[in-house]
Structure formats: structure tokens, C-alpha cells
There are 2 protein chains.
Amino acid sequence: MWISGTSQYAIRAVVHVAAHGVDAPVRVGPIAEALDVPRNYLSKTLHALARAGVLHSERGPRGGFQLTVPPSRLTLAQVTAPFEDVKRKHCLLGRPQCGGAHACAAHARWSSVSTALQQYFASTTIADLLDDARAGRTPPTVRARPTGGPRRATSRRP
Amino acid sequence: MWISGTSQYAIRAVVHVAAHGVDAPVRVGPIAEALDVPRNYLSKTLHALARAGVLHSERGPRGGFQLTVPPSRLTLAQVTAPFEDVKRKHCLLGRPQCGGAHACAAHARWSSVSTALQQYFASTTIADLLDDARAGRTPPTVRARPTGGPRRATSRRP
DNA sequence: GATATTTATCATATCGACATGATAAACACA
DNA sequence: TGTGTTTATCATGTCGATATGATAAATATC
């Protein structure tokens with residue numbers, strides 16, 4: 001529901017590349033393992049992102065994927081564009097044209113929600129998600145932790 | 001995108017029944033023609049709505065479908081419930097559990113949009129759609145049309 | 001009860017999203 | 001130049017949503 005599984009893969013993969021590919025490219029294998037998604041399918045997805053200009057891909061040893069723009073300039077709309085049409089304002093009831101004289105029954109009330117959806121994808125950046133992932137994960141039970149350093153497990157492989 | 005085709009059929013069909021089934025039940029055939037959707041598939045969809053308690057179905061001559069509750073008491077959430085899980089707040093990135101300590105990267109910013117979506121389906125009623133369909137369809141170019149009778153082509157098939 | 005009408009249901013087909021496995025093409029490096 | 005590494009691509013498979021056609025079950029009317 002809401003967006004396709006491929007778009008979800010794309011967002012998660014781009015966030016991963018943004019976090020781990022600052023100096024060296026990130027290969028498909030590690031990304032697929034980290035996200036637990038099928039490797040070859042992710043390969044196709046990343047290739048689509050490369051064609052869309054979101055990622056830069058390099059073959060051979062020392063190859064992999066890197067962002068072409070800083071995370072703060074990369075929106076969810078850009079990342080999902082190859083797989084999802086988030087730019088258009090979709091009619092809730094599926095009409096190709098909806099609005100004005102040809103409005104469907106739900107148009108008036110759906111319109112504001114639809115606009116909010118568009119806004120979300122157009123304004124949220126990968127940098128936002130990186131920040132939230134780091135800051136927003138405070139457990140409900142507040143426990144003062146002296147050194148706020150990186151404590152995450154980053155389990156390499158089993 | 002956003003909701004399934006079956007859910008769109010369901011909403012449109014229920015609106016049609018609400019508008020045309022005030023005194024007598026409405027049969028599948030006319031509904032399918034009016035909405036231009038496959039007849040037998042719509043039959044299954046309406047049957048699911050009957051099982052869900054949204055519609056009352058009657059077989060045989062003078063049979064058809066009618067609402068079980070007034071349109072002002074029937075929400076989009078109820079109509080789409082058999083086909084879509086709009087009650088749950090879905091994680092944008094597809095996690096089964098998302099929030100609190102196990103929040104995904106997008107959770108914080110997506111949450112408010114997700115809530116707005118839920119609110120829309122929970123608070124919008126079929127009566128709202130009936131009103132909007134009648135009132136909201138004023139064309140930009142105002143042309144007084146005396147008899148607003150059925151003008152659709154209803155082209156059978158080529 | 002016989003018949004026509006209408007929904008209910010079954011068996012099957014189609015189509016696109018998602019996935020898999022194998023092979024080709026590019027690249028670094030010795 | 002040769003070899004290993006990595007992405008790119010192709011051919012195919014699976015699965016669920018959507019759709020189709022035929023048949024069964026219920027109901028009103030005569």
C-alpha cells in the first residue's frame with residue numbers, strides 16, 4: 001500500500017549508499033545483505049536509479065554505486081520517480097483526468113490529502129532520513145547515555 | 001497508486017447504489033454498465049461488501065443491492081475495508097513494525113501524512129461524496145443545460 | 001410447481017510486479 | 001595480455017490482482 005516495494009527498496013538503498021558511500025563506492029552485494037533484499041533485483045533497481053541520474057555506477061574492481069548529488073539535494077520524489085509517478089496528483093478513484101469540470105465524487109475532499117502527499121515526497125530529502133535515523137531512535141524509556149558516540153552494531157556478516 | 005482498483009470499484013459502486021437505490025434494489029448489470037467495469041468481477045466485489053455488512057443483497061427478480069446504513073453513516077474506511085487495510089498506519093518503507101524504538105528512517109516525517117490519510121478514510125462518508133458530486137461539478141465555462149439527463153455514450157465494444 | 005430473473009460461486013485466464021539464475025560487458029591490476 | 005571483480009542484461013519463473021465464462025442457488029411471479 002501507498003508505494004511499491006521497488007520504491008521502498010530504492011529509498012532504503014539510497015539511504016544506505018548515502019551513509020556508507022562517502023569516500024568509496026558501495027557494491028550491490030553488501031547493500032542487498034544489509035537490506036535483506038534479492039541481490040539481482042536490487043541490481044536492476046540501482047541501475048534504474050543510475051539511468052535516472054540519482055546514482056553513479058562503476059563496473060569492475062573498486063566499482064559500485066555512489067550518489068551524484070549531496071543527500072540534502074536529493075528528494076524522495078527523485079528517488080522514486082523511475083518506479084512511481086508521485087509528481088502527478090492521482091485521482092483517488094482512478095480517473096485519468098480529475099478536477100475542474102471532470103471531477104470525480106471524491107475529488108474535493110481528497111485534493112488536500114493528495115497535495116500533502118506530493119509535498120511530502122517533493123520536500124523530504126535523503127539527508128532528512130539520515131538525520132531522523134540517527135536522532136529519532138530514542139527508546140520510550142529515557143536512559144541517559146553519557147557518550148553519544150556510534151554504538152550501533154553494524155554486524156558485518158554472520 | 002494509493003488504493004487498489006477493486007477498492008475504487010467498491011467506492012464508485014457504493015456511491016452509485018446510494019444515489020439510485022433509495023427505494024428499490026440496484027442490480028449488478030446496470031451498475032457495471034454505469035461504471036464501465038467488468039460485470040462478474042463487480043459481482044464478486046459487491047458480494048464482499050455484502051459479507052462485510054455494507055450492502056444488503058437479494059437474489060431473484062426484484063433483487064439487487066441496497067445500503068444497510070444511511071450514506072452519512074458509511075465511511076470510505078468501511079467500504080474499502082474488505083480490500084484494503086486502511087485502519088493500520090503503514091510504514092512507508094514496508095516494515096511490519098515501525099515506530100518508537102524500531103522506527104524506520106522515514107517514520108518521523110511520514111507519520112503526520114500517514115495520519116492524515118487515515119483520517120481521510122475514517123471521516124469521509126458516502127454522503128460527502130454524493131454532495132460533492134452534485135455540487136462540485138460546476139464547469140469553469142458556465143453553460144446552462146436545461147435537462148441534465150443521461151448523455152453518456154455507453155459504447156458496448158468495438 | 002414451472003419459469004424467468006438475479007445473485008453466488010467455481011474454474012480458469014491474463015497481466016504486471018517481483019524475483020531468480022545465467023551470461024555478457026566493463027574495468028583494475030598484475 | 002590475462003585474470004578476477006563488478007555491474008549490465010537476458011531469459012525465465014512465481015505470485016497475486018484483475019478479469020472472464022459457465023454453472024449453481026435463491027427468489028418472485030404466473
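In what follows, chains are A, B, ... by sequence order, proteins preceding strands, each numbered from 1. Just the heavy atoms: all of them, side chains too, but no hydrogens, waters or symmetry mates, feed the values below.
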Just how far, in rounded Å, is [atom2] of [N] from [atom1] of [X]?
{"X": "A:Arg51", "N": "D:dT9", "atom1": "CZ", "atom2": "P", "result": "7 Å"}
{"X": "B:Leu55", "N": "C:dA8", "atom1": "CG", "atom2": "C1'", "result": "15 Å"}
{"X": "B:Leu42", "N": "D:dT20", "atom1": "CG", "atom2": "C1'", "result": "14 Å"}
{"X": "A:Tyr41", "N": "D:dT12", "atom1": "OH", "atom2": "C1'", "result": "15 Å"}
{"X": "A:Ile3", "N": "C:dA17", "atom1": "CD1", "atom2": "P", "result": "15 Å"}
{"X": "B:Lys44", "N": "D:dT20", "atom1": "NZ", "atom2": "P", "result": "12 Å"}
{"X": "B:Leu46", "N": "D:dT18", "atom1": "CG", "atom2": "P", "result": "15 Å"}
{"X": "A:Phe83", "N": "C:dA17", "atom1": "CZ", "atom2": "C1'", "result": "13 Å"}

Any non-hydrogen side-chain atom of A:Phe65 less than 4.5 Å from a side-chain atom of A:His56?
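Contact flag for A:Phe65/A:His56 side chains = no.
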For a 4.5 angstrom cut-off between non-hydrogen side-chain atoms, does B:Glu84 reach B:Ser4?
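When only atoms from C-beta onward are counted, B:Ser4 and B:Glu84 do touch, with a gap below 4.5 Å.
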Under 4.0 Å: is that the gap between some side-chain N or O of [X] and OP1 or OP2 of [N]?
{"X": "A:His47", "N": "D:dA8", "result": "yes"}
{"X": "B:Thr6", "N": "D:dA17", "result": "no"}
{"X": "B:Ser43", "N": "C:dT9", "result": "no"}
{"X": "A:Ser57", "N": "D:dA8", "result": "yes"}

Of the candidate nucleotides [options], which contains the atom at the shortest distance from the side chain of [X]?
{"X": "A:Arg39", "options": "C:dT20, C:dA8, D:dT7", "result": "D:dT7"}
{"X": "A:Phe65", "options": "D:dA19, D:dT7, C:dC18", "result": "D:dT7"}
{"X": "A:Tyr9", "options": "C:dC18, D:dT9, D:dT20", "result": "C:dC18"}
{"X": "B:Val28", "options": "D:dT7, D:dT20, C:dT7", "result": "C:dT7"}

Mark yes or no for whether B:Thr80, through its side chain, and B:Leu76, through its backbone, hold a donor-acceptor pair below 3.5 Å.
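Yes, the answer is positive, given that a donor and an acceptor are paired below the 3.5 Å cut-off.
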Tell me if a side-chain donor or acceptor on B:His90 pairs with a main-chain N or O of B:Pro96 at a distance below 3.5 Å.
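No, because the side chain of B:His90 does not come within donor-acceptor range (under 3.5 Å) of the backbone of B:Pro96.
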Going 5' to 3' along nucleotides 21-30 of chain C, which nucleotides have protein heavy atoms under 4.0 Å from the base (write B), which only from the sugar-phosphate (write S), and which from neither (write -)?
BB--BBBSS-
Checking all strands, does A:Gly64 fall into the base, sugar-phosphate, or nothing category for heavy-atom contacts under 4.0 angstrom?
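Contact class for A:Gly64: sugar-phosphate only.
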Classify the ring geometry between A:Phe121 and B:Trp2 as parallel (under 30°), tilted (30 to 60°) or perpendicular (over 60°).
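A:Phe121 and B:Trp2: tilted rings.
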Does the side chain of B:Tyr120 pick up a donor-acceptor pair with the side chain of A:Ser112 at under 3.5 Å?
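No pair is found: no donor N or O on one side chain lies under 3.5 Å from an acceptor on the other.
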Assess the side chains of B:Ser111 and B:Lys89: does a donor N or O sit below 3.5 Å from an acceptor N or O?
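Their side chains do contain a donor-acceptor pair, which is all the 3.5 Å distance test asks for.
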